[in-house]
Amino acid sequence: MDNDRSHDNLKEQDYLKDMPNHEFDEAVNTMQSSIQDEIAASTDLLGDKLDISMLKNEYSADDVQYQKKIQNLEKRYSHVRKTRGDGNCFFRAFGFGYLEHMLSDKKDYPIFQENASNSFQKLMDLKYPSFTVEDFFENFISVVNSVKEGVSHTELLNTFREEGMSNYFVVYLRLITSCQLQSDSDFYQNFIDGGKTLVEFCKTEVEPMYLESDHIHIIALTSALGACVRVAYMDRGGDDLSFHDFPEDSQPTLHLLYRPGHYDVLYPR
Amino acid sequence: MAFSQKRIQKEILTMTTSPPPGTRLVTETMQTTKEFLVEVHGAQGTLFAGEQFKLLFKFGDRYPFESPQVMFVGDHIPEHPHVYSNGHICLSILTDDWSPALSVESVCLSILSMLSSCTEKKRPPDNAFYIRTCSSNPKDTRWWYHDDKV
């Protein structure tokens, strides 16, 4: 099987090498979109809540480093909910995870709702076009308000599983993040490398869909909404998991699992 | 998808009632909301003053999450370092840097500003090669963006 596959890869490379330019570009784009389609077909935008022990099956039994980290995760967390790996996973995990939490625990709701409501005017102050932003905001705030109005868990889940609604929500979270970065640009500029200005960074790495998030996105989004998030990092570094709280020293409301390039939702025991 | 239709209809309405200066939505020939033409007039005091061009906008089902396809069409294609003679435009917001908060209006404004800041009428250096080898859809090109000074 593996042999077949690598043989196919070689054939594919030869095939690409002989192609004229435009066919090459088209072939690369087709391949990319077929990879995206494959990811879309194999994972929901948001999966069901799974027992945390399921994670063990994703790594080989003799992968000591990961198996040990998963054991430690199991001590703290009972369940995990996976998100689609489409580059929007942090925003989708955050959006659903936070609202889901506030369905049962309303402690954070007033401040979250207030920050959410004020975000539109802040974007207008930065001269964003009300014409497009308004649509995203109205959709976003209606989902946020539905939490107060007693939306059911199933309805909330369906909202985040329906591609149009779900992506509208993600777009607006990206705008809030961008707005926060620009409003506090003196601070955030220090974290931008590659010679981009903060505005360029926002236009090329925050606002476009399907682009992955970094620390700076998490810091900006949590501080814009007054949200408290703990991220459990599970990667090849170190013998044990590491944890980061955003903001530091806060009592986390939402827990996320980070594995290189991807975020899922965690449920504490 | 319902979202994309609703959004395009809203954009058509805005382009009809309050288009950005120097642009006009061509409603006479519009047959579907999935594609339309916008007339663009070169601004006074620039190299393109008095010239008129046509931009073709095409929208896929994933608009506005994905960018529209935008290119110059017709007999008169602006002679600009980022515009190929087949009408394709090298502008990052049309592919990699597209954001759903952008719109037909903001694309028109970017293109107008690109034309206005032009200091010398000429084609991109790789024009002859590009138009011979490119796909008909500019979004299929994996653009390697020129400097953004013009």
Side-chain angles (χ1 to χ4, degrees), chain A residues 19-33 36-37 40 86-88 120 123-124 126-139 162-179 196 199-211, chain B residues 1-15 17-20 60-67 69 84 86 88 92-110 126 128-145 148:
Chain A
M19 260 183 191
N21 233 13
H22 66 292
E23 287 183 25
F24 180 84
D25 281 359
E26 272 175 48
V28 172
N29 282 317
T30 313
M31 246 186 260
Q32 267 187 346
S33 72
Q36 277 162 4
D37 290 347
D86 63 357
N88 293 317
F120 181 70
L123 283 160
M124 293 304 102
L126 288 176
K127 306 272 183 270
Y128 272 71
S130 64
F131 169 67
T132 48
V133 172
E134 194 172 62
D135 269 358
F136 295 112
F137 173 71
E138 281 169 7
N139 178 75
E162 199 277 305
E163 193 155 0
M165 288 291 278
S166 201
N167 284 349
Y168 254 59
F169 201 91
V170 168
V171 168
Y172 197 73
L173 287 179
R174 287 181 176 278
L175 289 171
I176 292 179
T177 307
S178 176
C179 181
K196 284 188 182 180
V199 172
E200 282 165 357
F201 178 81
C202 288
K203 300 290 176 207
T204 58
E205 300 192 38
V206 181
E207 293 177 20
M209 290 291 276
Y210 313 112
L211 293 183
Chain B
M1 187 184 293
F3 276 109
S4 103
Q5 271 312 303
K6 192 178 136 206
R7 162 78 179 254
I8 296 171
Q9 270 157 17
K10 192 175 162 188
E11 299 215 34
I12 290 176
L13 189 66
T14 313
M15 284 299 290
T17 53
S18 53
D61 289 340
R62 303 184 76 165
Y63 184 78
F65 305 117
E66 288 179 6
S67 63
Q69 190 196 126
Y84 290 90
N86 64 356
H88 288 194
S92 66
I93 60 161
L94 295 179
T95 49
D96 292 0
D97 296 344
W98 169 256
S99 143
L102 297 172
S103 59
V104 172
E105 183 182 4
S106 47
V107 169
C108 288
L109 289 171
S110 289
D126 55 340
F129 179 72
Y130 178 78
I131 58 165
R132 219 170 47 233
T133 59
C134 70
S135 147
S136 61
N137 179 357
K139 286 182 71 182
D140 282 340
T141 301
R142 298 187 69 76
W143 295 99
W144 168 206
Y145 295 101
D148 49 10

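Below, read A as the first sequence line, B as the second, and so on, with proteins coming before strands; counting in each chain starts at 1.
The closest side-chain heavy-atom distance from B:Phe65 to A:Val170 is not below 4.5 Å. In this structure, B:Cys108 and B:Val104 have side chains that are in contact, with non-hydrogen atoms separated by less than 4.5 Å. Within the 4.5 Å cutoff, the side chain of A:Tyr128 has no heavy atoms near those of the A:Cys179 side chain. B:Trp98 is not listed as a side-chain neighbour of A:Met209, based on a closest heavy-atom distance of 4.5 Å or more.
Taking A:Asp135, A:Leu123, A:Val133 one by one and counting their heavy-atom pairs under 4.5 Å with chain B, the maximum is reached by A:Asp135. Ranked by heavy-atom pairs under 4.5 Å with chain A, the first of B:Ser103, B:Ser106, B:Ala101 is B:Ala101.
Using a 4.5 Å cut-off between heavy atoms, A:Tyr172 does not touch chain B at all.
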